Amino acid sequence: MILYPAIDLKDGECVRLLRGDMDVATVFNDDPAAQAKAFADEGAEWLHVVDLNGAFEGKPVNADAVDGILKASSMPVQLGGGIRSVAQAVDWVERGLSRVILGTVAIKDPSVVIEACKELPGKVAVGIDARDGFVAVEGWAEVTEITALDLAKKFEDAGVAAIIYTDIERDGAMQGPNTEATSKLANHVSIPIIASGGVSNLDDLSALKAAGNISGVISGRALYDGRIDIASALKLLKD
């Protein structure tokens, strides 16, 4: 399994939200590039970045911070939040991103995902954020009537590199990931599934690994709080 340390960007700073609420943000670092370098120095092999402002506004907002992150480290970076068109996706890859994450547009205009996969083979992921099993979009402000599994199945043959599955109720809450729902999703689609939301300690990582069908895990607050040490996490996930 791959560990993806998370940098969530709000107004140019590294923050963590509680269950996606922009009004409940904790600032962990005001220098995203320095944070990215710190994760790389600790041995991280990938980085997960979210433009929170972009997710709500429907367009990239923290581009300068993302560019700084890309310059600070050579490790591959995946980015989500506000990417709503093929042109934006292509632009980000040309600027150095290894993977773009399409979330809201996957619901609102699935053809963008399909076209982006053709333009950028192996570099497009779909972000599926669910509340009680139903997909939420527009920075989680709007809950749809589509289930996470039904959305994932739409892209089964599109060439999607990964699905990032987030249980919103677990995100930032330090209550453990929804391993059962994540593993269930992985059992029903062939696309690699990356777990996100709620990881609070090494036992949570062990549970996700034990599921046997989850390809990666994203962790944010637990890394910033020191509840998870990157070196220990990497050893656990690779053994």
Side-chain angles (χ1 to χ4, degrees), residues 1-57 60-83 92-93 95-101 103 123 125 127 129 139-140 162 164 166 170-174 177 194-202 204-205 216-238:
M1 283 178 68
I2 297 172
L3 175 68
Y4 295 80
I7 291 181
D8 288 358
L9 298 169
K10 179 176 183 280
D11 304 331
E13 298 178 317
C14 300
V15 306
R16 292 301 288 167
L17 306 184
L18 178 61
R19 301 186 179 96
D21 188 342
M22 286 286 270
D23 294 326
V24 188
T26 304
V27 178
F28 283 101
N29 196 326
D30 62 4
D31 188 341
Q35 185 63 62
K37 187 174 185 307
F39 282 144
D41 290 345
E42 291 177 61
E45 298 169 345
W46 265 89
L47 186 64
H48 175 78
V49 180
V50 178
D51 180 348
L52 294 172
N53 302 100
F56 281 91
E57 295 186 29
V61 175
N62 287 286
D64 289 345
V66 177
D67 285 335
I69 287 169
L70 292 170
K71 288 173 184 167
S73 167
S74 60
M75 69 178 155
V77 177
Q78 62 182 22
L79 171 71
I83 304 172
W92 272 119
V93 170
R95 287 161 78 158
L97 277 185
S98 295
R99 188 184 290 160
V100 291
I101 304 166
K123 295 183 180 294
D129 308 325
W140 301 351
I164 292 112
T166 303
R170 307 294 182 102
D171 192 67
M174 295 287 99
I194 299 170
S196 173
V199 172
S200 59
N201 52 47
L202 291 176
D204 291 338
L205 295 181
V217 56
I218 292 165
S219 181
R221 185 178 291 272
L223 296 178
Y224 293 109
D225 282 350
R227 299 184 198 209
I228 294 179
D229 167 71
I230 285 183
S232 300
L234 290 172
K235 185 176 187 302
L236 185 157
L237 295 176
K238 287 180 183 297

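Throughout, residue positions are numbered sequentially from 1 according to the sequence presented. Quick caveat: nothing in here was measured; it's all calculated off a predicted structure.
Put simply, the side chain of N29 never gets that close to the backbone of P32: no donor and acceptor are under 3.5 Å apart.
Here the CG-OG distance, from D204 to S219, works out to 9.0 Å after rounding to the nearest 0.5 Å. Distance check, rounded to the nearest 0.5 Å: NZ of K37 to CG of L47 gives 13.5 Å. To the nearest 0.5 Å, atom CH2 of residue W46 and atom CD1 of residue I218 are 11.0 Å apart. Taking CD of Q35 as the start and CD of E13 as the end, the distance is 12.5 Å to the nearest 0.5 Å. Atom CG of L236 is separated from atom CG of D229 by 11.5 Å, given to the nearest 0.5 angstrom. Note that CG of N201 and OG of S232 are 12.0 Å apart. Values are rounded to the nearest 0.5 Å.
Proximity of I194 to Q78: side-chain heavy atoms (C-beta onward) are separated by under 4.5 Å at one or more points.
What you find for A36 and I69 is that their closest heavy atoms are CB-CG2, 3.7 Å. The shortest heavy-atom contact between I101 and G127 is CG2-N, 3.6 Å. The two residues L52 and D8 have their closest heavy-atom pair at CD1-CB, 3.8 Å. Nearest heavy-atom pair across L234 and A44 is CD1-N, 4.2 Å. Nearest approach of K123 to V93, heavy atoms of both residues: CD-CG1, 3.7 Å. Taking all atoms of both residues into account, the shortest heavy-atom contact from P5 to L3 is CD-O, 3.4 Å.
Listed by chain and number, the residues in a salt bridge (Lys or Arg N to Asp or Glu O under 4.0 Å) with K71 amount to none (sequence neighbours excluded). Applying the side chain to side chain contact (heavy atoms under 4.5 Å, CB included) test to A40 and every residue at least two apart in sequence or in another chain returns S73, M75.
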### Task
Just do the side-chain contact (heavy atoms from CB on, under 4.5 Å) check on I2 and L237 with the steps written out, would you?
CA-CA 7 Å; I2 297 172; L237 295 176; over 6 Å; no
### Task
Quick one: do R221 and T26 satisfy side-chain contact (heavy atoms from CB on, under 4.5 Å)? Show the steps, please.
CA-CA 9 Å; R221 185 178 291 272; T26 304; 3.7 Å; yes
### Task
Quick one: do V66 and W92 satisfy side-chain contact (heavy atoms from CB on, under 4.5 Å)? Show the steps, please.
CA-CA 10 Å; V66 177; W92 272 119; 3.4 Å; yes
### Task
Carefully, step by step, assess F28 and D225 under the rule side-chain contact (heavy atoms from CB on, under 4.5 Å).
CA-CA 9 Å; F28 283 101; D225 282 350; 3.5 Å; yes
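Annotation: salt bridge (Lys or Arg N to Asp or Glu O under 4.0 Å) contacts involving residues 24-35, sequence neighbours excluded, are absent.
The side-chain contact (heavy atoms from CB on, under 4.5 Å) test with N62 singles out one residue from V50, I7, N53, and that residue is N53.
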